[in-house]
Amino acid sequence: MTRRTDRLRLRATITVPLFAALTLWGCGNPSPTLTPAAGDDPIAALLALPMERLIAYDAEIDLTAEQEEIKRAALTPIPAPCCSDRSAYTCCCQCNLGRAWWGLSKVLITEHGQSAAEVQANVERWIRNVRPQGFAGDSCYTGRCSTAARHDGCSGMNPRRIVS
C-alpha cells in the first residue's frame, strides 16, 4: 500500500464513526422539528419552537418601556385567538396560549430588533401555524381553557402543565 492509501483509510476510520456519533447526538443534522428553510431563517426557527420555550421567554425577558410599547403596538391589532373580543395584548387571562405569543413577541423585540409591524406579522404567522384552520375566538368563554391550542383551546392555565 502507498502512503496516500494509508492516510485515506485512516481518515475514513476516524471520520465515519465521528459523523455517526454526531448524527446520533443530533449534531450532524438539523432538528427534526425544523424544516430545512427554518435552519437558514432564524425567525422561522423561532416560530417552530415548542410552546414551552416561548412561555419561558415570557417569564425570562423583561422589556424596557420602549420595548413594551413596541409589543403593545404589535399585539393590539391582533384579536386574541382564545377570546377574540380582546386583543392579543390584553387577552382576558394569562393562559398558556397567551404566554406563548407574549414570549414570542418579547424575543422578536429584544433579540431580533423587530419593529411593531414585524412582530405583528410574525405573531400572526405563529398563530396560523398553531391552528391553520383558525380559532373560534371563544375558548376562554366556553370551557376550553384546558384544551390544546391545536384543538381550539388555551393549552391550559399553568405554565408548568401545558396541554398539548
- Message: Are Met157 and Ile162 linked, directly or through intermediate hydrophobic residues, by side-chain heavy-atom contacts shorter than 4.5 Å (ILVMFWY only)?
- Response: no
- Nearest-0.5 Å distance that lies between atom NZ in Lys71 and atom CD1 in Ile61: 10.0 Å
- Under the side chain to side chain contact (heavy atoms under 4.5 Å, CB included) rule, what do Gln114 and Ile109 come out as? Steps first, then yes or no, please. CA-CA 5 Å; Gln114 289 201 340; Ile109 293 164; 5.6 Å; no
- Kindly compute the distance separating SG (Cys92) from OH (Tyr141), expressed to the nearest 0.5 Å. 4.0 Å
- Query: Is it true that a side-chain atom of Thr142 and a backbone atom of Asp138 form a donor plus acceptor pair closer than 3.5 Å?
  - Reply: yes
- Determine the minimum heavy-atom distance between Leu104 and Trp126, stating which atoms define it. CD2-CB, 3.5 Å
- Task: For Ser155 and Ser164, indicate whether the former's side chain and the latter's backbone hold a donor-acceptor pair under 3.5 Å.
- Result: no
- Message: Please enumerate all residues that pass side chain to side chain donor-acceptor pair (under 3.5 Å) together with Thr76, with sequence neighbours excluded.
- Response: none
- Message: Could you tell me if the side chain of Val163 sits less than 4.5 Å from the side chain of Thr147, heavy atoms only?
- Response: no
- Asn122 and its side-chain contact (heavy atoms from CB on, under 4.5 Å) partner, picked from Ile43, Ile127, Leu46: Ile43
- Note on the structure: The single option from Pro81, Pro79, Cys83 that satisfies side-chain contact (heavy atoms from CB on, under 4.5 Å) with Cys91 is Cys83
- Do Leu75 and Gln120 come within less than 4.5 Å of each other through their side chains, counting heavy atoms only? no
- State, yes or no, whether a side-chain contact exists between Cys140 and Cys154 at a heavy-atom distance under 4.5 Å. yes
- Task: Side-chain contact test, heavy atoms from C-beta onward, threshold under 4.5 Å: evaluate it for Tyr89 versus Ser105 and give yes or no.
- Result: no
- Message: Side chains of Phe135 and Arg144, heavy atoms from C-beta outward: is any pair under 4.5 Å?
- Response: no
- Taking C-beta and beyond as the side chain, do Glu69 and Glu66 meet within less than 4.5 Å on heavy atoms? no
- Task: Enter the distance from Leu63:CG to Ile70:CD1 here, rounded to the nearest 0.5 Å.
- Result: 9.0 Å
- Item | Shortest non-hydrogen contact between Arg150 and Arg131, atoms and distance | O-NH1, 2.8 Å
- Item | Separation between SG of Cys95 and CG of Asn158, rounded to the nearest 0.5 Å | 12.5 Å
- Hey, what do you get for NE2 (His151) to CD (Gln133), rounding to the nearest 0.5 Å? 9.5 Å
- Query: Is there side-chain contact between Met51 and Leu97, with heavy atoms separated by less than 4.5 Å?
  - Reply: yes
- Note on the structure: Rounding to 0.5 Å, atoms CD (Glu60) and OG1 (Thr110) come to a distance of 10.5 Å
- Item | Main-chain N/O of Leu108 paired with Glu111 side-chain donor or acceptor, under 3.5 Å | no
- Query: Quick one: are Ile78 and Trp101 in side-chain contact, heavy atoms under 4.5 Å?
  - Reply: no
- Query: Does Ala59 offer a backbone N or O that forms a donor-acceptor pair with the side chain of Trp102 under 3.5 Å?
  - Reply: no
- Message: Strictly distance-based, threshold 3.5 Å: is any side-chain N or O of Arg99 a donor or acceptor partner for the main-chain N or O of Asp58?
- Response: no
